[in-house]
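Only one structure is covered here, and it is reproduced in the block below.
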Amino acid sequence: GDAEVTLKAVITERKSGKEVASVTAGVSATPDRSVHTLATTVTPVRLWSPDDPFLYAVKVTADWAGKRDAYEIPRVGFREMRVVKGVFVFNGKRFYPKCTHGVPTSEDTYLRTERNPKALIPDFVMMKNAGFNMYRPFAHAAYPSQLDQADELGFLIYNEHPGTCWNVPVHRFGLDLPELIRRDRNHPSVVIWGLLNERGGGVWASPSGKPVTAAAASMLPALRKVDDTRLFLLDSGSPGMSNPGSTTWDIQMNDYHLYPA
């Protein structure tokens, strides 16, 4: 049967451990899976940015019948990136992305997953020292360990997924992308989700014959249910974008007509 559960969420500064906010609620939880929402406010808030990558941590506990479950998100941050009148705006100020992209490789791998992610550790430090402030993992998602490093370093991530390009059928990224977003959505370093790479409208088609671009465009409302806080780019070769909080494609750079969904 249902269980009476006490949920508590505590937000602390990551480095100092100082508590800055908490919220407690009693809920009735059904067996197997029960979803509940707790909301609180951090005031004043210190924003996360490349120049000041200030992090918080969140710990959630569930107590019932003398038992306890606990879960911690060790790195979260407050920031916003959007496009306004054709320019990027980060935390309310104009921002100039200096982005590079690549794939995890070593001397014996090419376009394949690096078996030792630790070999990638120096990359973001060297990129930032060279003047870059953003990295786009081309046609794959960044490792969680890379995102942890980017959170700490103040390095932005334009995250993609395995179905962005070449001849991957639309059902592949339709399955992969929501789970990827759910996995990585608490990382402040992730500021953009990229759906496609240079698809050019109907150049590639899904098995049903429907243009992949149209299929990707039609996914936006469902993806917004997973993450409502980030900028989505439809295609790296087009200006189709959706700002945080928007459930439509906001075309801001030039005239670009989406294939009808």
Side-chain angles (χ1 to χ4, degrees), residues 48-53 55 75 77 79-84 86-91 93-166 168 173 176-177 180-181 183-200 216 227 229-244 252-254:
W48 184 97
S49 72
D51 295 327
D52 182 22
L55 295 170
R75 299 171 187 83
R79 50 92 191 93
E80 183 189 64
M81 182 167 170
R82 60 174 55 241
V83 174
V84 179
V87 301
F88 288 98
V89 175
F90 190 92
N91 289 344
K93 298 180 180 179
R94 183 166 184 176
F95 178 74
Y96 295 88
K98 301 178 181 69
C99 184
T100 185
H101 73 271
V103 294
T105 62
S106 67
E107 62 277 2
D108 59 351
T109 64
Y110 178 70
L111 290 178
R112 290 186 288 154
T113 300
E114 170 62 66
R115 294 184 179 275
N116 178 18
K118 291 183 179 180
L120 303 173
I121 289 176
D123 288 1
F124 290 164
V125 174
M126 291 190 292
M127 290 179 198
K128 191 165 185 177
N129 288 341
F132 293 100
N133 55 26
M134 182 183 292
Y135 171 68
R136 173 192 169 203
F138 173 68
H140 76 286
Y143 292 116
S145 58
Q146 285 183 296
L147 299 182
D148 290 343
Q149 183 190 19
D151 292 343
E152 299 273 0
L153 185 63
F155 203 68
L156 307 184
I157 304 295
Y158 166 180
N159 219 10
E160 289 195 350
H161 61 105
T164 55
C165 65
W166 296 310
V168 178
F173 69 78
D176 289 352
L177 192 54
L180 170 67
I181 293 174
R183 185 194 76 174
D184 294 343
R185 63 186 175 185
N186 289 313
H187 288 279
S189 56
V190 178
V191 294
I192 297 174
W193 298 115
L195 272 61
L196 298 171
N197 173 71
E198 298 180 3
R199 289 296 182 104
D227 186 356
T229 68
R230 286 179 175 84
L231 185 68
F232 277 84
L233 296 188
L234 175 62
D235 187 335
S236 63
S238 84
M241 60 190 65
S242 176
N243 272 318
Q252 300 205 35
M253 296 297 190
N254 56 37

Extract all donor-acceptor atom pairs below 3.5 Å that involve side chains of residues 119-133 and protein atoms in other chains or at least two apart in sequence.
{"residue": "Lys128", "atom": "NZ", "partner": "Pro50", "partner atom": "O", "Å": "2.8"}
{"residue": "Lys128", "atom": "NZ", "partner": "Leu153", "partner atom": "O", "Å": "2.7"}
{"residue": "Lys128", "atom": "NZ", "partner": "Gly154", "partner atom": "O", "Å": "3.2"}
{"residue": "Asn129", "atom": "ND2", "partner": "Val125", "partner atom": "O", "Å": "3.3"}
{"residue": "Asn133", "atom": "OD1", "partner": "Lys98", "partner atom": "N", "Å": "2.7"}
{"residue": "Asn133", "atom": "ND2", "partner": "Tyr96", "partner atom": "O", "Å": "3.1"}

Step by step, work out the side chain to side chain contact (heavy atoms under 4.5 Å, CB included) result for Tyr135 and Leu156. CA-CA 6 Å; Tyr135 171 68; Leu156 307 184; over 6 Å; no
Nearest-0.5 Å distance that lies between atom [atom1] in [X] and atom [atom2] in [Y]:
X	Y	atom1	atom2	value
Ser49	Glu80	OG	CD	14.0 Å
Leu196	Ser236	CG	OG	8.0 Å
Leu195	Asp235	CG	CG	9.0 Å
Arg82	Phe88	CZ	CZ	12.5 Å
Phe232	Ile192	CZ	CD1	11.0 Å
Leu231	Met241	CG	CE	6.5 Å

Counting C-beta onward and ignoring hydrogens, is there a side-chain heavy-atom pair between [X] and [Y] closer than 4.5 Å?
X	Y	result
His101	Pro137	no
Phe155	Met134	no
Arg136	Ile157	no

Is there a side chain to side chain contact (heavy atoms under 4.5 Å, CB included) between Phe95 and Val87? Walk through the geometry before answering. CA-CA 8 Å; Phe95 178 74; Val87 301; over 6 Å; no
Side chain to side chain donor-acceptor pair (under 3.5 Å) pairs touching residues 149-158, sequence neighbours excluded, are Arg14-Glu152, Arg75-Glu152, Asp151-His187, Asp151-Ser189
Quick check: closest heavy atoms across Ala141 and Arg183, and the distance to 0.1 Å? CB-NH2, 4.1 Å
Heavy-atom pair with the smallest gap, counting every atom of Val191 and Phe90: CG1-CE1, 4.1 Å
Suppose we screen for side chain to side chain donor-acceptor pair (under 3.5 Å). Which residues come up paired with Asn91, at least two apart in sequence or across chains? none
Sequence neighbours excluded, which residues qualify as side chain to side chain donor-acceptor pair (under 3.5 Å) partners of Asn159? Asp184
May I have the step-by-step check of side chain to side chain contact (heavy atoms under 4.5 Å, CB included) for Val83 and Asn243, ending in yes or no? CA-CA 7 Å; Val83 174; Asn243 272 318; 4.1 Å; yes
Please step through side chain to side chain contact (heavy atoms under 4.5 Å, CB included) for the pair Phe138 and Asn197, ending with a clear verdict. CA-CA 8 Å; Phe138 173 68; Asn197 173 71; 3.4 Å; yes
Could you tell me which residues satisfy salt bridge (charged side-chain N to carboxylate O under 4.0 Å, His left out) with Asp227, sequence neighbours excluded, listed by chain and number? Arg230
